[in-house]
Protein chains: 2
Amino acid sequence: MKARTGQREFSVASGDNDAAIPPACTLCGVRSLTVCAPLDNAGLTAVDEIATRHTFEPGQTIFDEGEPSQHLFNVTDGTVKIYKLLADGRRQITGFLFSGDFLGLASEATYTYSAEAVTTTKLCCFRHGQLDELLQRSPQMERRLLAIAGHELAEAQEQMLLLGRKTAKERVASFLLLLSRRAKQTGRSEDPVHVPMNRTDIADYLGLTTETVSRTFTKLKLEGLIRLLPKSMVALADRQQLSDIAETS
Amino acid sequence: MKARTGQREFSVASGDNDAAIPPACTLCGVRSLTVCAPLDNAGLTAVDEIATRHTFEPGQTIFDEGEPSQHLFNVTDGTVKIYKLLADGRRQITGFLFSGDFLGLASEATYTYSAEAVTTTKLCCFRHGQLDELLQRSPQMERRLLAIAGHELAEAQEQMLLLGRKTAKERVASFLLLLSRRAKQTGRSEDPVHVPMNRTDIADYLGLTTETVSRTFTKLKLEGLIRLLPKSMVALADRQQLSDIAETS
DNA sequence: CCCGCACCTTGATCTGTATCAAGTCTTAGC
DNA sequence: GCTAAGACTTGATACAGATCAAGGTGCGGG
């Protein structure tokens, strides 16, 4: 279908031994590479190798729309974008995923969207067959997945409101606040928010063009609501006013 | 917050005895008003009054955004619209629900959107507490809900693509094909598709204005792709070309 | 330290859709 | 059938954001 970049291939996480403790998978809590002790203790034995870990570099494709959906992923580090394309290449990014988010929930036979790493990304991967077994034994985990899916649905509807009815300025303000909220909840300190994706990605997420996104950033800066810092950092100088803009005209 | 219409109140379905068999609830399969025999037979006794039936008239509010979410609903007849509002009244309809669809899946403490009947609508209603019990006993049903939620997520992403990247003509073509698909799957014969919602609702669903929707219908008519019939019926004269338009430029 | 390239910003202009403003059609109630 | 009111269509005009076109800027590699 499309031209855009993106290599494939799984690059198995070399049991890279940095000092920092590896981030835990939301689903199974595993930190090590091979041993997965599922969350609920109800009679479940620790399961080896139900989950595998993989690392993707920026721009690398995780999967493409239409491919048989073999895995459910949990993002344990980094940022992922998921998107859909029209035949002529127009792209809509339907979400950015951060640490703790699930990827591939949609449970159709094939993926209904493509996924690509924005930054270096670590994923915890579950084969669908094995996952089903696991869920069978752990209704509690299934609960959790249902709740998560419901939550994502609510977010999708919020985004529809943005795409259908908000102005460029409202969209950008909403986006910055979203990043800030997510950074906080992921544990990163924030105030200067890290914006890991480029203008094109932001534009394709907000249903705008890069130029409009850029102009809108400039406008917000001139109004003193944000400050653009080096290293893709943005300071939300007047969070209150941004918030007012995001939800109203 | 907003001005718009909408009475409240549950009008309990008077055990209205028309000749036709009442439509079955997707979740529990119940057709009668009070007795609900859940789908899976695994040791489950028939449960009285887990599900109740209610009828809503056109324009009647089913629930409002922000209200405590007490029920999960299954639409057994009619059409429902769900929507979100901005403070100044701009509205985005995030979905139309038809026979068989679920309403209120999002499982937050309060509803994250409002729901209103488009046509006379029959709902099968489950109190959340009772539903949880039911699900606890029937993992199979929970499976099903998870699959449904996943499916809705996929649809939401498709709609984001529409709202973010499609032209007015592409949106209207997509919409007509959606209605046609749903009518077929709900069992209604179609070819002339019934369009039960008015131009304002269509506009608020497609992120357009009534005028643009109207002009686009006219254009499609002039190009011979559709025919506008009485009684809100629309004939899709050239489904192939409509389909081409819907997915591409 | 400098270079090159990708990314970002800014400017000029264009255009699809919104907005404003009349009509015209449909339909339900009488 | 007639009529009124809402729903729909059509036209004229405006404008937010797209498109086209240059520059700037920052950063990684030599």
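We use all heavy atoms of the structure for the numbers below, so side chains are in, but hydrogens, waters and symmetry mates are not.
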| said: I'd like to know whether A/Glu170 forms a side-chain contact (heavy atoms from CB on, under 4.5 Å) with A/Leu162, so could you lay out the CA-CA distance, the side-chain angles of the two residues, the decisive distance to 0.1 Å, and finally the verdict. | reply: CA-CA 8 Å; A/Glu170 290 164 355; A/Leu162 179 148; over 6 Å; no
| message | Which residues in residues 206-218 of chain A have a heavy atom closer than 4.0 Å to any atom of DNA chain D? | response | A/Gly207, A/Leu208, A/Thr209, A/Glu211, A/Thr212, A/Arg215
| request: Please name all residues satisfying ring-ring contact (aromatic ring centres under 6.0 Å, His included) with B/Tyr205, sequence neighbours left out, ordered by chain then number. | output: B/Phe96, B/Phe175
| remark: Comparing nearest nucleotides in DNA chain C, the 5'-proximal residue of the pair A/Arg165, A/Arg199 is A/Arg199
| What pairs with B/Thr212 under side chain to side chain contact (heavy atoms under 4.5 Å, CB included), at least two apart in sequence or on another chain? | B/Ala168, B/Leu208, B/Thr209, B/Thr216
| message | Among residues 224-234 of chain B, which ones have heavy-atom contacts with DNA chain D below 4.0 Å? | response | B/Leu228
| said: With side-chain contact (heavy atoms from CB on, under 4.5 Å) as the criterion, how do A/Gln157 and B/Lys84 come out once you've worked through the C-alpha distance, each side chain's angles and the decisive distance to 0.1 Å? | reply: CA-CA 8 Å; A/Gln157 290 168 335; B/Lys84 291 174 75 87; 4.2 Å; yes
| field | Outermost DNA chain D nucleotides near chain B [under 4.0 Å, heavy atoms] | value | D/dC8 to D/dA12
| task | For B/Lys221, check side chain to side chain contact (heavy atoms under 4.5 Å, CB included) against everything at least two apart and list the hits. | result | B/Ile226, B/Leu228
| Where does the angle between the aromatic ring planes of A/Tyr113 and A/Phe63 fall among parallel (under 30°), tilted (30 to 60°) and perpendicular (over 60°)? | tilted
| Side-chain (B/Gln92) to main-chain (B/Leu85) donor-acceptor, under 3.5 angstrom | no
| said: Suppose we screen for ring-ring contact (aromatic ring centres under 6.0 Å, His included). Which residues come up paired with A/Phe217, at least two apart in sequence or across chains? | reply: none
| said: Within the structure provided, determine whether B/Ile62 and B/Glu67 are in side-chain contact (heavy-atom separation under 4.5 Å). | reply: no
| request: Go through DNA chain C in 5' to 3' direction and return only the first and the last nucleotide with some atom under 4.0 Å of chain B's heavy atoms. | output: C/dT17 to C/dT27
| Over all atoms of both residues, closest heavy-atom pair of B/Val80 and B/Val118 | C-CG2, 4.0 Å
| note | salt bridge (Lys or Arg N to Asp or Glu O under 4.0 Å) pairs touching residues 210-220 of chain B, sequence neighbours excluded, are none
| request: Answer whether the closest heavy-atom distance between the side chains of A/Arg90 and B/Thr167 falls below 4.5 Å. | output: yes
| query | Do you know the tightest heavy-atom contact between A/Arg239 and A/Ser180? | reply | NH1-OG, 2.6 Å
| task | Note down the inter-axis angle between the two ends of the helix from C/dC1-D/dG30 to C/dC30-D/dG1, five pairs each, to the nearest 10°. | result | 50°
| Which residues pass the side chain to side chain contact (heavy atoms under 4.5 Å, CB included) test with A/Ala235, sequence neighbours left out? | A/Arg227, A/Leu229
| Pairing residues for A/Phe98 by the ring-ring contact (aromatic ring centres under 6.0 Å, His included) criterion, not counting sequence neighbours | none
